[in-house]
Every structure is written in C-alpha cells, then in structure tokens.
Amino acid sequence: MKFNVTAAGAGAILGGIASGVLVKKIWLEKYRKQKAELAAAVRQRDLDYTWLLLRQRGAGVRSYFTAMGYERVAILGMSREGRLLAEELGSLAAYGAELDNPGAVHQTLTVFRLGDDPLPPADCMVICDLERTPEKLEAAKGEFPGDIVTLTEVLAELLRRRGIERRDGAVPDWPPAG
C-alpha cells in the first residue's frame with residue numbers, strides 16, 4: 001500500500017493535528033478555570049458556614065478582637081465579608097481598605113486605597129478577601145504597622161477557643177491550608 005501525500009493533503013493533516021491540539025488546550029483551560037471557581041465556592045461556603053455556626057454558638061467575631069485588646073480594627077476587603085464584619089464589630093471598626101477595588105465605598109466607614117492613601121492608625125487589620133490572600137497580606141504589611149490577621153484565622157481561633165470540633169458541626173479540615 002503506497003500513499004501519495006500532496007501538499008494539500010499534508011496541510012490538511014497538519015491542520016487537523018493543530019486543531020486538535022488547540023481544542024485540547026481550550027478544554028484544559030476551561031477545566032482549570034471551572035476547578036478554580038469550584039474551589040473558591042467551596043472556600044466561601046465553608047467560611048460562611050463556620051461564621052454562622054459560631055454566631056449560633058454565641059461566639060461573635062467581636063469577642064475575638066475585644067479579647068485581644070483591640071480597640072480600632074481596619075478591614076481590608078469591603079465586599080460582603082468585610083461589610084458583615086464591620087456590622088458585627090460596630091464601633092470597633094475604624095475604617096475600610098481596598099487593594100484592587102478602587103470604587104468600593106461603605107455607608108458608614110471611610111474606605112482607603114491601599115498603596116494610594118495613607119492609612120490612619122488602628123490596632124489590627126483583618127483581611128476579609130478569600131482570593132489572593134498572600135498577595136494582599138504582603139501589600140498590607142508594607143502599609144500597615146499593626147497586627148494583621150485574616151478572617152479565616154479569626155474564625156479558626158474562635159472555633160478553637162470554643163472547643164467546637166467536627167462532631168459539633170464544624171467543617172472537616174477547616175480552615176484550609178494556605
């Protein structure tokens with residue numbers, strides 16, 4: 001059996017191979033994006049569930065900050081979690097801050113732009129964003145001289161202090177590493 005491959009035939013074969021590689025690349029990118037979105041949704045669900053569990057057990061987040069002696073708390077990330085935290089902190093909430101959301105505003109708190117605005121003094125800053133937390137922590141360290149914690153760390157510490165474990169309804173293996 002002898003094949004005579006013409007230039008057009010070779011081009012069609014190579015085009016088919018390239019097309020297959022491109023389709024595979026597109027599907028892999030789509031899969032990776034969906035996997036990342038699912039992981040973010042799971043982190044969000046677990047944080048929400050943990051926060052609600054603590055509230056049901058009478059361990060509001062304000063108790064963490066008062067126990068640590070903080071009187072003024074800055075909130076980095078004024079999305080849903082930051083707004084809920086500000087509400088729970090009440091008069092302890094000093095101001096809001098944003099790194100990558102320049103249009104963020106709040107009803108009662110002044111929102112500063114990390115890297116653009118000088119930050120007023122506060123005892124502690126809480127990072128309320130669940131995405132790119134290490135990057136936001138590094139940016140905050142360069143601008144904020146006080147203690148910096150993440151909302152996840154605060155909730156995990158409240159679970160520990162209350163002795164709430166998996167058998168009590170806590171999310172298994174929470175908080176997530178990293």
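In this structure, CG on Leu53 lies 6.5 Å from CG on Leu159, to the nearest 0.5 angstrom. For the atom pair CG (Leu151) and OH (Tyr64), the distance works out to 10.5 Å, reported to the nearest 0.5 Å. Distance CG/Leu47 to CZ/Arg80: 8.0 Å, rounded to 0.5 Å. Distance OG1/Thr152 to CZ/Arg43: 9.5 Å, rounded to 0.5 Å.
Smallest separation of non-hydrogen atoms from Ala93 and Ile75: CB-CD1, 4.2 Å. Here the closest non-hydrogen pair linking Pro120 and Tyr95 is O-OH, 2.9 Å. Nearest heavy-atom pair, Glu143 versus Pro145, reported as atom, atom and distance to 0.1 Å: O-CD, 3.8 Å. Residues Ala122 and Phe144 come closest through the heavy atom pair O-CZ, 3.5 Å. Pairing each heavy atom of Glu71 with each of Asp123, the nearest pair is N-OD2, 2.6 Å. Contact detail for Cys124 and Phe65: the closest heavy-atom pair is SG-CE2, 4.0 Å.
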Give the intermediate values and the outcome of side chain to side chain contact (heavy atoms under 4.5 Å, CB included) for residues Glu157 and Arg160.
CA-CA 5 Å; Glu157 178 61 18; Arg160 190 192 65 72; 2.5 Å; yes
Decide side chain to side chain contact (heavy atoms under 4.5 Å, CB included) for Thr133 and Lys136; before the verdict, give the C-alpha distance in whole Å, the side-chain angles of both, and the deciding distance to 0.1 Å.
CA-CA 5 Å; Thr133 304; Lys136 292 173 184 181; 5.7 Å; no
Side chain to side chain contact (heavy atoms under 4.5 Å, CB included), that's the test. Do Asp147 and Met68 meet it? Break it down for me.
CA-CA 11 Å; Asp147 296 337; Met68 297 295 289; 5.8 Å; no
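Just one residue in the list Leu85, Leu92, Val73 forms a side chain to side chain contact (heavy atoms under 4.5 Å, CB included) with Arg62, and that residue is Leu92. A side chain to side chain contact (heavy atoms under 4.5 Å, CB included) with Glu98 is found for exactly one of Val111, Asp117, Asp116, namely Val111.
Other residues, nucleotides and ligands contribute more than 12 heavy atoms inside 6.0 Å of the CD atom of Gln44. At most 12 non-hydrogen atoms from other residues, nucleotides or ligands lie less than 6.0 angstrom from CD of Glu87.
For Glu88, the side-chain contact (heavy atoms from CB on, under 4.5 Å) test picks out Trp51, Arg55, Val61, with sequence neighbours left out. Residues satisfying the side-chain contact (heavy atoms from CB on, under 4.5 Å) criterion with Arg162, sequence neighbours excluded, are Ala59, Ile164. Every residue meeting the side-chain contact (heavy atoms from CB on, under 4.5 Å) condition with Ala140, not counting sequence neighbours, appears here in chain and number order: Leu76, Leu114, Met125, Ile148.
Contact annotation: the side chain of Glu81 never approaches that of Asp129 to less than 4.5 Å [non-hydrogen atoms, C-beta and beyond].
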